[in-house]
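Data block below; observations after.
Naming convention: chains lettered A, B, ... in sequence-line order (proteins, then strands); numbering from 1 in each chain.
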There are 2 protein chains.
Amino acid sequence: MSSDGIDTRSKILDAAWKLLEEGKGNGVRMSDIAKAAGISRQAVYLHFPSRAELLTETTRHIDRTKNIEARLLPSRTARNGRERINAFVEAWGNYIPEIYGVVQAILAMKDTDPEAATAWADRMRALREGCESAIRDLKRDGTLTPSLTEKEAVDMLWTLLSVRTWEHLRIDCGWPQKRYIAEILSIARKTLLARWT
Amino acid sequence: MSSDGIDTRSKILDAAWKLLEEGKGNGVRMSDIAKAAGISRQAVYLHFPSRAELLTETTRHIDRTKNIEARLLPSRTARNGRERINAFVEAWGNYIPEIYGVVQAILAMKDTDPEAATAWADRMRALREGCESAIRDLKRDGTLTPSLTEKEAVDMLWTLLSVRTWEHLRIDCGWPQKRYIAEILSIARKTLLARWT
DNA sequence: CATGTCAATTTACACCGTGTCAAGCAAAGG
DNA sequence: CCTTTGCTTGACACGGTGTAAATTGACATG
C-alpha cells in the first residue's frame with residue numbers, strides 16, 4: 001500500500017477529471033495529468049495502458065461518483081411515456097455538462113483511435129437504450145406520432161439528446177442550460193407525440 | 001508554367017479532395033496527399049503553408065466547382081419564408097454529403113489548431129447568415145412561431161442543419177438522405193412556424 | 001549562348017505527444 | 001534480511017507536422 005491514504009489510481013482519475021473539466025477537453029496530455037496527480041508520466045502507464053483507456057475509465061469514474069444511475073431512476077418509474085420523456089431529457093440533458101470535458105476528449109480521439117471509438121459507441125448505446133425505453137412507453141400509451149416508425153423515433157430522440165446538439169446550442173449559440181432543456185423538450189414533444197395529445 | 005497542362009496547385013487540391021472524399025476524412029496525411037498528387041510531400045508546402053490552410057482551401061475549391069452559390073439561389077428567390085426554408089434545407093442538406101469528408105478533417109483539427117477553428121467558424125457563419133435570412137422572411141410574413149425569439153429561431157435552424165446532426169442521423173443512425181431531408185424539414189416546420197400555418 | 005528565375009526535388013532535421021524499456025530507489029512485510 | 005511493490009529517472013522509438021539547405025531542370029530574356 002502507498003503511504004498516502006488515497007490510492008494512486010484514484011488520484012490519476014481525479015486529476016484527469018479535473019483537468020478535462022476545466023475547459024479544453026482536448027489539449028490535455030498524459031504529462032499534464034501526471035503532473036496534476038503529483039506523479040511521473042510513466043507511473044500513469046503503470047495504471048492505464050493508454051490514453052484512450054484512461055479517458056474511458058475517467059468517464060466510468062465520473063458516472064460512479066455522480067451516480068448517473070440514481071439520476072435516471074425517475075425516468076424509469078414514470079407513470080406514462082410522456083412523463084418518461086420529460087424525466088429522461090431532464091436527467092440526461094443536465095448530466096451532459098458534467099461530463100462534457102471528458103466526452104470532448106474521447107470524441108476527439110474517436111476519429112483516429114479505434115479503442116476510443118468502441119468505448120464511445122458503448123457509451124452511446126447505453127443512452128440509446130434509454131431512448132428506446134421511452135419510445136416504447138410512448139408506443140404502449142398510443143401517444144407516439146404515427147408519422148415515425150419506432151426506430152425512427154428512437155433515432156430522433158437520440159439525436160436531440162446527443163452531446164453534439166448540446167454543444168451546438170450551449171457552446172456555439174450560447175444558450176443557457178435551462179433554455180436548452182426546455183427547447184429540446186419542446187421539440188421532442190412536437191416531433192414524437194401524436195397530434196391529439 | 002509547368003510542363004503538364006494542369007498546374008500543381010490544382011492537382012494537390014484535387015488529390016486532397018479525392019482522398020478526403022473516399023471515407024476516412026481524418027487519417028489523411030500530408031504525405032498521402034502528396035503521393036496522390038504525384039509530387040513530394042515538401043512540394044505541397046510550397047503551395048500551402050499548413051495542413052489547416054490546405055484543408056480550408058480544399059473546401060473553397062469544392063465550393064467553386066460544385067457551385068454552391070447557384071444551388072442556394074432558389075432559396076433566396078423564394079416567394080415567402082416558408083418556401084425559403086424548404087429550399088434552404090434542401091439545398092444545404094444535400095450539399096453536406098458532398099463536403100462531408102473534408103469537413104470531417106477540419107472539424108477534427110478544430111480542437112487543436114486555432115487556424116482551423118477560425119476557418120471553420122467562417123464557414124459556419126456563412127451558413128448562419130442563410131438561416132438568418134430565412135427566419136427574417138418568416139418574421140416578415142408573420143409565420144414565425146411566437147414561442148421563439150428571432151435569435152433563438154436562427155439558432156434552432158442552424159443546429160438542425162449542422163453537419164453534426166446530419167452525421168448523427170445519416171452515419172450513426174443509417175438514415176437514407178431523403179429521409180434526413182424530409183425529417184429535418186418536418187422538425188423545422190413544427191418548431192419554427194406559428195401554429196395556424 | 002549565357003544567365004537568372006522559378007518550381008520541384010532530395011535529404012536532413014527539429015518538435016511534440018504517445019508509448020516502451022531498463023535500471024534504480026524506498027518502504028512495507030514476510 | 002531479502003523480496004516484492006510502487007514509483008522514479010532517463011533514454012528512446014515512432015509517427016506526423018513543419019522548416020531549412022543544397023540541387024536539378026525547364027524556361028525566358030538578355
Tell me the interatomic distance from [X], atom [atom1], to [N], atom [atom2], rounded to whole angstroms.
| X | N | atom1 | atom2 | value |
| --- | --- | --- | --- | --- |
| I12(B) | dA7(C) | CD1 | C1' | 11 Å |
| E115(A) | dT18(C) | CD | P | 14 Å |
| F48(B) | dA7(C) | CZ | P | 14 Å |
| D7(B) | dA7(C) | CG | C1' | 12 Å |
| L54(A) | dG17(C) | CG | P | 16 Å |
| D113(A) | dG17(C) | CG | P | 17 Å |
| R29(B) | dG15(D) | CZ | C1' | 8 Å |
| M109(B) | dG16(D) | CE | P | 14 Å |

To the nearest 0.5 Å, what is the distance between CZ on R179(B) and CD on E152(A)?
3.5 Å
Test for a donor-acceptor pair under 3.5 Å between the base of dG19(C) and the side chain of R41(A), counting only N and O atoms.
yes
Shortest side-chain distance from [X], nucleotide among [options]:
| X | options | value |
| --- | --- | --- |
| I39(B) | dG19(C), dG18(D), dT9(C) | dT9(C) |
| S50(A) | dT17(D), dG19(C), dA7(C) | dG19(C) |
| Y45(B) | dT18(C), dT19(D), dT8(D) | dT19(D) |

Can you see if the side chain of S40(B) gets near the phosphate of dA8(C) - specifically, an N or O under 4.0 Å from OP1 or OP2?
no
Does H47(B) place a side-chain N or O at less than 4.0 Å from the phosphate oxygens OP1/OP2 of dA7(C)?
no
What pairs meet the ring pair (Phe, Tyr, Trp, His ring centres under 6.0 Å) rule with one or both residues in residues 130-149 of chain A, with sequence neighbours excluded?
none
Under the ring pair (Phe, Tyr, Trp, His ring centres under 6.0 Å) rule, what pairs show up with a residue in residues 131-158 of chain B, not counting sequence neighbours?
H168(A)-W158(B)
On DNA chain D, nearest-nucleotide positions of Q42(A) versus L46(A): which is more 5'?
L46(A)
Can you label the angle between the W166(A) ring and the Y100(A) ring as parallel, tilted or perpendicular, going by 30° and 60°?
tilted
Side chain to side chain donor-acceptor pair (under 3.5 Å) between T159(B) and S162(B): does it pass, once the steps are laid out?
CA-CA 5 Å; T159(B) 303; S162(B) 78; over 6 Å; no
